[in-house]
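Beneath this line is the structure, given in structure tokens, with notes to follow.
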Amino acid sequence: MKRRIASWENGHSAPDDFYGPLLCEAYDLSAAELGLNHEGERDTGLLDAGYPESPEGAIEAVGQLWRADLNRYEPLLQAEPSEPAWNEASLRWLVAPEPAVPRQRQNGMRVSLGDVGAIKTTADMFAELDDRFGGDHARHAAIQYLSTEVTPLLHGQYTEQVGRALFSTVAEATLLAGWMSYDACRHGLAQRYFLQALRLAQDANDRRLAGSILSAMSHQATFLGRYTQAATLARAALMGISPVATPTLRAQFHAMEARALARTGDIRACEAALSAATKALESRNNDDEPEWISYFDEAELAAEAAHCFRDVNSARQAVAHAENAMSGSHVRSDFFATMVLADAHLRAGDVEEACRVALDALDLGEQLKSARCVSYLAEFRRNLAAAGSSADVQTFTEQVREHRLWIASGDHVVV
């Protein structure tokens, strides 16, 4: 180890993807401050938010993203999302020719379906951690795994069958990296992960997963206030997978469209999209659904409807749907649903009940490390302040003053 450190100090080599992040953590400095960003700075394409031209381009691009993320390349971590990138990616995916076959490599390690299964199992573990503790809890560890363990597999030797399975599984894992980064409000980074995941899903010929990735992009676009873009992305997902769509996927995509339309104030179109989502979900057969969409059930749809009715100022309907949105098994989703319920009570003029429900949400979310959760609290906090300083508000404020998420919400900057 002493020889390795001496080599770094003399400039003969640089810390790799394993040691670089450890040094950043040990010294509490960014990669740029430690001079580790020389590679990332050359990779100007990281900031372009482009859609890869080929499977090889996707492999190279996603590997660069993982490395730069691990090394805390600040221009990437602070990057803004690109609106043109959403349009380009959805259009190019919709009109793409037959999926490119991942070429059979002649060097590198041999990759089997067992290796692909290991990626899937590990990604599922990180997905569970994300759900229980928020995107910022294990995000760094997930990216470390992808960069260290998955990159060599992408550059390995595999048959067409294994290549398709590998690309699909890595696309799903990269989608998770995007969701975790989005939950941490690293929005430019999240968008870039979504873009790479979409290209990998395209080459895996996994159109269902690709549609779900567009749906994730729609969700993020709504959160960022790009409502027209969000509706377009949801519609592209519906159109692009229509020959292979399942009821649950259609329901989710209609729900994403409804979320965007609610924000535009188009109540009639929003209600029509919600009706279509409800009808689709009623016809589902769980045995025919992809495993990764199984979480989207009646409670999830109720949560989406609660968001919609809150956003169109139908407080009573928002309350009714939010009360049906508690799954009891998804901590972060239940936190969001509880905060929507609290906000709906507040908009209906029931300050006492709003405060009671918000306190429940804070207790529920005590273990969450999620910038999105903080943003929900910040919005409620602003609305509560506008409601006046009643005895209920004063009591609530005293009760929550030491809650970690509540403290963070006071410093929240509106996106």
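- Of the possible polar contacts, none joining the Arg259 side chain to the Tyr227 backbone as a donor-acceptor pair under 3.5 Å is found.
- Residues Tyr376 and His307 place their aromatic rings such that the two centres sit under 6.0 Å apart.
- Side-chain N or O atoms of Ser294 include one that pairs as donor or acceptor with a backbone N or O of Glu291 at under 3.5 Å.
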Apply side chain to side chain contact (heavy atoms under 4.5 Å, CB included) to residues Glu60 and His155 and explain how you reach the verdict.
CA-CA 9 Å; Glu60 185 62 27; His155 288 281; 4.3 Å; yes

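- Defined by atom type and a distance below 3.5 Å, a donor-acceptor pair is present between the side-chain atoms of Glu366 and His403.
- Asn71 contributes a side-chain N or O that, together with a main-chain N or O of Arg67, makes up a donor-acceptor pair within less than 3.5 Å.
- For CZ of Arg110, the number of neighbouring non-hydrogen atoms (other residues, nucleotides, ligands) closer than 6.0 Å is 12 at most.
- Side chains of His187 and Ser181 form no contact here, defined as non-hydrogen atoms less than 4.5 Å apart.
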With side chain to side chain contact (heavy atoms under 4.5 Å, CB included) as the criterion, how do Cys355 and Leu384 come out once you've worked through the C-alpha distance, each side chain's angles and the decisive distance to 0.1 Å?
CA-CA 9 Å; Cys355 290; Leu384 188 64; 4.0 Å; yes

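- Considering only heavy atoms from C-beta on, Asp69 comes within 4.5 Å of Leu189 through its side chain.
- Between Leu249 and Glu289, the shortest heavy-atom distance links the atoms N-OE1, 4.2 Å.
- Proximity of a side-chain donor or acceptor of Ser314 to a complementary backbone N or O of Gln317 within less than 3.5 Å is not detected.
- Side-chain contact between Tyr158 and Phe167: present, with at least one pair of heavy atoms (C-beta onward) separated by less than 4.5 Å.
- In this structure the side chain of His219 reaches within 4.5 angstrom of the side chain of Trp179, judged on heavy atoms.
- Note: Leu346 CG to Leu341 CG = 11.5 Å, rounded to the nearest 0.5 Å.
- Note: Glu172 CD to Leu209 CG = 6.0 Å, rounded to the nearest 0.5 Å.
- One N or O on the side chain of Thr397 and one on the backbone of Val393 form a donor-acceptor pair closer than 3.5 Å.
- With rounding to the nearest 0.5 angstrom, the CG atom of Asp360 is 9.0 Å from the CE atom of Met326.
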CA sep, side-chain torsions, deciding dist, call: Met217, Gln191, side chain to side chain contact (heavy atoms under 4.5 Å, CB included):
CA-CA 7 Å; Met217 292 182 185; Gln191 184 194 49; over 6 Å; no

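- Under the 3.5 Å distance criterion, with hydrogens and angles disregarded, a donor-acceptor pair is assigned to the side chains of Glu300 and Ser333.
- Contact annotation: the side chain of Met339 approaches that of Phe335 to within less than 4.5 Å [non-hydrogen atoms, C-beta and beyond].
- Across all their heavy atoms, Arg401 and Ile407 have their closest contact at O-CG1, 3.4 Å.
- Atom CG of residue Leu200 and atom OG1 of residue Thr169 lie 10.5 Å apart, to the nearest 0.5 angstrom.
- Under the 3.5 Å distance criterion, with hydrogens and angles disregarded, no donor-acceptor pair is assigned to the side chains of Arg332 and Ser370.
- Ser275 places no side-chain N or O within donor-acceptor distance of the main-chain N or O of Glu271, the cut-off being under 3.5 Å.
- Taking CD from Glu257 and CG from Leu233, the interatomic distance works out to 11.5 Å, rounded to the nearest 0.5 Å.
- Between Tyr51 and the choices Gln202, Arg92, Glu88, Arg199, the side chain to side chain donor-acceptor pair (under 3.5 Å) rule is met once, by Gln202.
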Output, in order, the C-alpha distance, side-chain angles, deciding distance and verdict of ring-ring contact (aromatic ring centres under 6.0 Å, His included) for Trp406 and Phe396.
CA-CA 11 Å; Trp406 184 258; Phe396 170 76; 5.4 Å; yes

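- Under the salt bridge (charged side-chain N to carboxylate O under 4.0 Å, His left out) criterion, Asp124 pairs with Lys120, sequence neighbours left out.
- One finds no salt bridge joining Lys279 and Glu282 here, because no Lys/Arg side-chain nitrogen approaches an Asp/Glu carboxylate oxygen to under 4.0 Å.
- With Arg404 contributing its side chain and Leu368 its backbone, the two residues share a donor-acceptor pair below 3.5 Å.
- The two residues Phe336 and Cys373 come nearest to each other via the heavy atoms CE2-SG, 3.7 Å.
- Side chain of Thr151 to backbone of Thr148: no donor-acceptor contact under 3.5 angstrom is found.
- A donor and an acceptor atom, one from each side chain of Ser389 and Gln394, are located under 3.5 Å apart.
- Across Leu146 and Ala177, no two heavy atoms sit closer than the pair CD1-CB, 4.3 Å.
- Put simply, the side chain of Thr338 never gets that close to the backbone of Ala361: no donor and acceptor are under 3.5 Å apart.
- Proximity of Val62 to Leu154: side-chain heavy atoms (C-beta onward) are separated by under 4.5 Å at one or more points.
- Under 4.0 Å is where a charged nitrogen must lie from a carboxylate oxygen, and between Glu379 and Arg347 at least one such pair does.
- Looking at Arg268 and Asp266, their side chains come closer than 4.5 Å, going by heavy atoms from C-beta outward.
- Lys369 places none of its side-chain heavy atoms less than 4.5 Å from the side chain of Asp183.
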Tell me, with the steps shown, if Thr246 and Arg208 meet side chain to side chain donor-acceptor pair (under 3.5 Å).
CA-CA 8 Å; Thr246 66; Arg208 290 174 174 175; 5.5 Å; no

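- Smallest separation of non-hydrogen atoms from Gly156 and Val111: CA-CG2, 4.2 Å.
- If you take CE on Met109 and CG on Leu153, they are separated by 5.0 Å, rounding to the nearest 0.5 Å.
- In the model, Gln196 has no side-chain atom that pairs as donor or acceptor with a side-chain atom of Thr174 under 3.5 Å.
- More than 12 heavy atoms of other residues, nucleotides or ligands shown are found within 6.0 angstrom of CD on Gln399.
- Between Tyr295 and Asp131, the side chains place no donor N or O within less than 3.5 Å of an acceptor N or O (distance only, hydrogens not considered).
- Around the CE atom of Met239, the shell of radius 6.0 Å holds no more than 12 heavy atoms that belong to other residues, nucleotides or ligands.
- Aromatic ring pairs are classed by plane angle as parallel below 30°, tilted from 30° to 60° and perpendicular above 60°; the pair Tyr182 and Phe194 is perpendicular.
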Step-by-step side chain to side chain contact (heavy atoms under 4.5 Å, CB included) determination, Leu175 to Tyr193
CA-CA 7 Å; Leu175 171 61; Tyr193 280 136; over 6 Å; no

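- Judged by distance alone, the side chains of Ser409 and Arg381 do bring a donor and an acceptor atom under 3.5 Å apart.
- Around the CD atom of Gln161, the shell of radius 6.0 Å holds no more than 12 heavy atoms that belong to other residues, nucleotides or ligands.
- Looking only at distances, a side-chain donor or acceptor of Ser283 sits under 3.5 Å from a matching main-chain atom of Ala280.
- Residues Gln64 and Tyr73 bring no donor and acceptor atom of their side chains to less than 3.5 Å of each other.
- Counting all heavy atoms, side chain and backbone alike, Ser147 lies closest to Leu70 at CB-CD1, 3.6 Å.
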